Protein chains: 2
Amino acid sequence: MAEVTIQQVAKAAGVSTSTVSNLLNGRAHRMLPETRVRVENTIEQLGYRPNRAARQLRTGRTQTIGLVVPSVGNPFWGSFARQLESAALEEGYHVLLCNSERDPDRERRYIEELWSDGIRGVVLCSSLPSLEHVAPVMQRGLHLVAFDRAAQADDPEALVSISIDNAVGSQLATAHLADLGHRRLAFVSGALGSVNRKDRYRGFANALEQAGLSVDKTILWPGASDWRFGDVESAELGRRAAHELLSSDTPPTGIVAINDMCALGICRGVRDAGLEVGTDVSVVGFDDIVLADLYDPPLTTVRQPMTEMAAAAITELKTRVEAGGPTPGRSLLLRPELVVRSSTSAPRS
Amino acid sequence: MAEVTIQQVAKAAGVSTSTVSNLLNGRAHRMLPETRVRVENTIEQLGYRPNRAARQLRTGRTQTIGLVVPSVGNPFWGSFARQLESAALEEGYHVLLCNSERDPDRERRYIEELWSDGIRGVVLCSSLPSLEHVAPVMQRGLHLVAFDRAAQADDPEALVSISIDNAVGSQLATAHLADLGHRRLAFVSGALGSVNRKDRYRGFANALEQAGLSVDKTILWPGASDWRFGDVESAELGRRAAHELLSSDTPPTGIVAINDMCALGICRGVRDAGLEVGTDVSVVGFDDIVLADLYDPPLTTVRQPMTEMAAAAITELKTRVEAGGPTPGRSLLLRPELVVRSSTSAPRS
DNA sequence: GTGGTCTGGTGTAACGATGTACCGAAGATA
DNA sequence: TATCTTCGGTACATCGTTACACCAGACCAC
C-alpha cells in the first residue's frame, strides 16, 4: 500500500536523495556512469514512481493541462478532445476534462478551479464573444489557448488563439454552391453569439456578394435568450429551419449550415418535406465530424485540420507554461479545406 | 503571481493556521462564532483557495478521478464522458481523461500513471475480456469501476462493474425483428473480443432460439489480428458486412448490429446495394448515440440509461475511495430499453 | 606550497496544508 | 480549596520532492 519514495531508492542505491533527484531531473552528467546505472537499476527494481503532488508542491509546476469544451458529447468536441489528449500525452501532459455546457459562469468557475489546482495551461473552447471574464486569471499567470475562435482586438494580451479561418471556410462552402449554379442560398445558424459564428456568416455573405447574389434568404434562428445549444438542439434547429425555408414561395436550392450537426438536422428536415438531399436541395456542413462521411448522403463539408490544431495547442501551451513568465499572445489561423461529397450537386434546372 | 497561503490568511485574521485549517475541514464548532466569521471574511477578501497539491501530499487524497475510454472521439464514449464529468462535478470531483485507443498496453500504462498521480479512483471502459492486467494496481489500493462490461468470474475481487445487461439488450432487439415477422436474421460484429460483444451475441442467439430460428446467417467479421476498431472502422466494418450479406442467395431481411456506429455503416451498405433501410432491410443498432435519432431513417436501437449509470459510477467510486480500505466489489446490471424508430418494420412479403 | 578549477557528490530548507497533541483559562463539582 | 471538564485555540512534525549551497578530494599551473 505504501508507495516507494525517493528516500528508499536513495538508501537502497547507497546514494543521497539529491543524486536520485538529479538523475530524475536531467542532471545525470553530474555522476559517474556506474552510479547512474546503479540508481537506475534500483528505481527499476523498486518500481519507484515520483509522487506528483510532492513534485508539484515543490516546483509549482504540473504536468496537467485543462481542457474546457462546451460538451464532449458533441462529436466535434469529442474528436478534438481525443486529439488533444493524444498530443498532450506525447509531451508528457495529462488532460483534465471540463464541460462548460455553454454556461459562461460555469466556464469561469472551471478556469478558476483549474488555476487553484495548480494548472497553469488551459485550452479553452469558449462560445462567448468576449473573453474578458478570464482576463483576471490570465493576469495571475494562467496560460490560455483559445481554440476554434479567431483572435479579437479586445482579447487579453497573452491569449493564444488557434482556429481555422472561419470566414474563408464558409466562403469556400458558399462559393462551391454558387459554382454549381445555385442562385437561392440560405445560411442556417442559431443566434450569431460567438465570434466563430459571426465569422462564418461573414464568409457566407462575402461569397454571395462575389457571386453577385443577395442575402435575403438568410435564416438566422431568432435565438430566444433561454435557448440552449446542446448536442441535439443544434440538429433540431437545423430541422426546424429547413421546414421553414422549404415552405416559402421561393425555397433555396442550396443551404449552408453553421456546423455538421445542424446540417444533419437540415437534411432530416429536407426529407420531412418530401425532398431529397443532394439533388433537390444541396446542403453543406462545417467541421467534418466522423458522421459526415457516414451519413446518407455523405455530407459535403468544411474540414478543420484537427490533428494539426491539437498539436499546435499543446506546443503553444507547453512552451509558454515552461517558460513561466508572461509571453505575448499570438494567433494561428489555419486554412480549412472543402470536402466535397454527395450532399451537394447542381440544382435541378 | 504568488498565491495566497493559509498562513497569510491566518496572520491577516489574527489566528493560527490550525484554526483556519479547522474551519476549512468541517471543524468550525471548535471556535467562537465571531472567530469563525472573521476568518471566513479574511478568506473571502484575500481570495484564498487551498493548494491542492499540498493538501494531497499531506492527506494522500485527491479530488480527481480517472476516466479511461477507448476514444472520446466515439460519440458513445464522448456522451458518457460528458455525463460522468457532470456527475463527478456534483460530488466535487474532477476527471482526468485518458484514451486507450483500445491498446491493452496503453490502458495499463494509463492506470499505473493515474495511480502514481495519487488518483485512487478510476472508471475503466475496457474492451478487454480479462482485467487481470489491472489486478496488481487494485491490490495496491486502486478503486476501479468497470463500465459497460458485465462482471466476470475471474475479475479482481474489489472490482465494481456497471453495465446494462447486454444479452437482454440484444435479445430485445432481435425479438423485435422476429416479432415483426423477420425470419432471416443476421448479427454483425467484429471479432467477439470483449465480454460486451460476447454477451450481445448470446442475446441474439437466445432470441433466435426462442423464435425457433437458426443462427446460420450470423456474420462475424473474421477480425484480422491487426484490425483496429476505431471510431470509423466500426462503421466501415458494418458496410462491408452488409455488402457481403446482401449478395448472398438468401439475404437476411433483418440485421442486428453490435453498436450504432456499426449499424450506420450497415445502413450505408444497404443503400450501396440499391435497397432501402426500414423497408427492404430492417436494421437495429445498440447504444442510442445522438445520431441514431438524427439519421435517416431514424435508427431503432437499444438505449443504455447513461445518466443513471454515470451517476452510479461516481457514487460507487466516491464511497469506496473515501472509505479508504478494501471493499468487496459488486456489480450493477441495468436494464436496457428498446427504442423503436423507423429503421425497422415488417419484412416485404 | 599556494591558489584555482573540476568532478562527483551530499545536507537541508523549503513548498502549503493537515491534524494530533497540547495548553491556559473559565466554570463546574465536591 | 482542590480537582476535573470543557472550551477555544495554538505549536509543530509531517507528507515526498527539489535544487541551492556547500564540500572533499583530485588535478593542474605557476
Side-chain angles (χ1 to χ4, degrees), chain A residues 1-40 42-43 46-64 115-120 141 322 324, chain B residues 1-40 42-43 46-64 115-120 141 322 324:
Chain A
M1 190 84 183
E3 286 307 281
V4 182
T5 71
I6 198 171
Q7 281 96 348
Q8 295 173 30
V9 173
K11 186 181 290 182
V15 293
S16 71
T17 60
S18 307
T19 299
V20 182
S21 173
N22 282 336
L23 178 59
L24 257 40
N25 292 281
R27 288 182 289 266
H29 58 277
R30 288 205 199 161
M31 62 199 77
L32 290 175
E34 59 190 72
T35 309
R36 173 186 176 162
V37 169
R38 190 154 33 96
V39 175
E40 280 172 346
T42 312
I43 287 177
L46 269 52
Y48 166 72
R49 309 207 60 168
N51 178 314
R52 287 232 190 186
R55 183 176 267 182
Q56 180 182 341
L57 176 60
R58 184 63 243 256
T59 63
R61 278 175 255 135
T62 330
Q63 290 288 87
T64 302
W115 171 258
S116 86
D117 277 9
I119 288 174
R120 294 299 168 259
E322 284 173 8
Chain B
M1 190 79 185
E3 286 307 279
V4 182
T5 71
I6 199 172
Q7 281 92 349
Q8 295 174 30
V9 173
K11 186 182 288 183
V15 293
S16 71
T17 59
S18 307
T19 299
V20 182
S21 173
N22 283 335
L23 178 60
L24 256 42
N25 292 282
R27 287 181 290 267
H29 57 278
R30 288 205 198 160
M31 62 200 77
L32 289 176
E34 60 191 72
T35 310
R36 172 188 176 159
V37 170
R38 189 154 35 94
V39 176
E40 280 173 346
T42 313
I43 287 176
L46 268 52
Y48 166 72
R49 310 208 58 170
N51 179 314
R52 288 232 190 184
R55 185 176 265 183
Q56 180 181 341
L57 177 60
R58 185 64 241 258
T59 64
R61 277 174 256 136
T62 331
Q63 290 289 88
T64 302
W115 170 260
S116 86
D117 276 10
I119 288 174
R120 294 298 169 259
E322 284 173 8

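Below, read A as the first sequence line, B as the second, and so on, with proteins coming before strands; counting in each chain starts at 1. The model shown is predicted, which means the values in this text are computed figures rather than measured ones.
In this structure, B:Arg52 reaches neither bases nor backbone, as no heavy-atom distance under 4.0 Å exists between it and the strands shown. Using a 4.0 Å heavy-atom criterion, one finds that A:Gln7 contacts the bases of the nucleic acid, with or without backbone contacts as well.
Proximity of B:Asn51 to B:Thr5: side-chain heavy atoms (C-beta onward) are nowhere separated by under 4.5 Å. Between B:Val39 and B:Ile43 the shortest side-chain heavy-atom distance falls below 4.5 Å. You'll find the side chain of B:Arg49 stays beyond 4.5 Å of the side chain of B:Glu3, heavy atoms only.
Contact between B:Tyr48 and B:Val4 at its shortest, heavy atoms only, is CD1-O, 3.4 Å. In this structure, A:Arg55 and A:Pro50 approach most closely via the heavy-atom pair NH2-CG, 3.6 Å.
Atom CG in A:Leu46 sits roughly 14 Å away from atom P in D:dG16 (whole-Å rounding). One interatomic measurement links the two molecules: CZ of A:Arg61 to P of D:dT17, which rounds to 15 Å at whole-angstrom precision. Rounded to a whole Å, the CD atom of B:Gln63 is 15 Å from the P atom of C:dA17. Going from atom CD1 of B:Ile6 over to atom P of D:dT10 covers 12 Å, rounded to whole Å. To the nearest angstrom, P of C:dA17 lies 14 Å from CD of B:Gln56.
Rounding to the nearest 0.5 Å gives a distance of 8.0 Å between CE of B:Met31 and CZ of B:Arg36. A distance of 10.5 Å separates CG in A:Asp117 from OG1 in B:Thr62, rounded to the nearest 0.5 Å. Atom-to-atom distance recorded for A:Thr19:OG1 and A:Arg27:CZ is 10.5 Å, nearest 0.5 angstrom.
Only A:Ser21, A:Asn25, A:Arg27, listed by number, bring a heavy atom of residues 20-38 of chain A to less than 4.0 angstrom from any atom of DNA chain D.
In terms of phosphate contacts, B:Arg55 brings no side-chain nitrogen or oxygen within less than 4.0 Å of OP1 or OP2 of C:dG19. For D:dT10, the OP1/OP2 oxygens have a side-chain nitrogen or oxygen of B:Ser16 closer than 4.0 Å.
Side chain A:Ser18 to base D:dA19: a donor-acceptor pair is found below 3.5 Å.
Atom CZ of A:Arg38 is surrounded by more than 12 heavy atoms from other residues, nucleotides or ligands within 6.0 Å.
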Hey, what are the protein-to-nucleotides 13-15 of chain D N/O distances that come in under 3.5 Å?
| from | atom 1 | to | atom 2 | distance (Å) |
| --- | --- | --- | --- | --- |
| D:dT14 | O2 | B:Arg58 | NE | 3.3 |
| D:dT14 | O2 | B:Arg58 | NH1 | 3.2 |

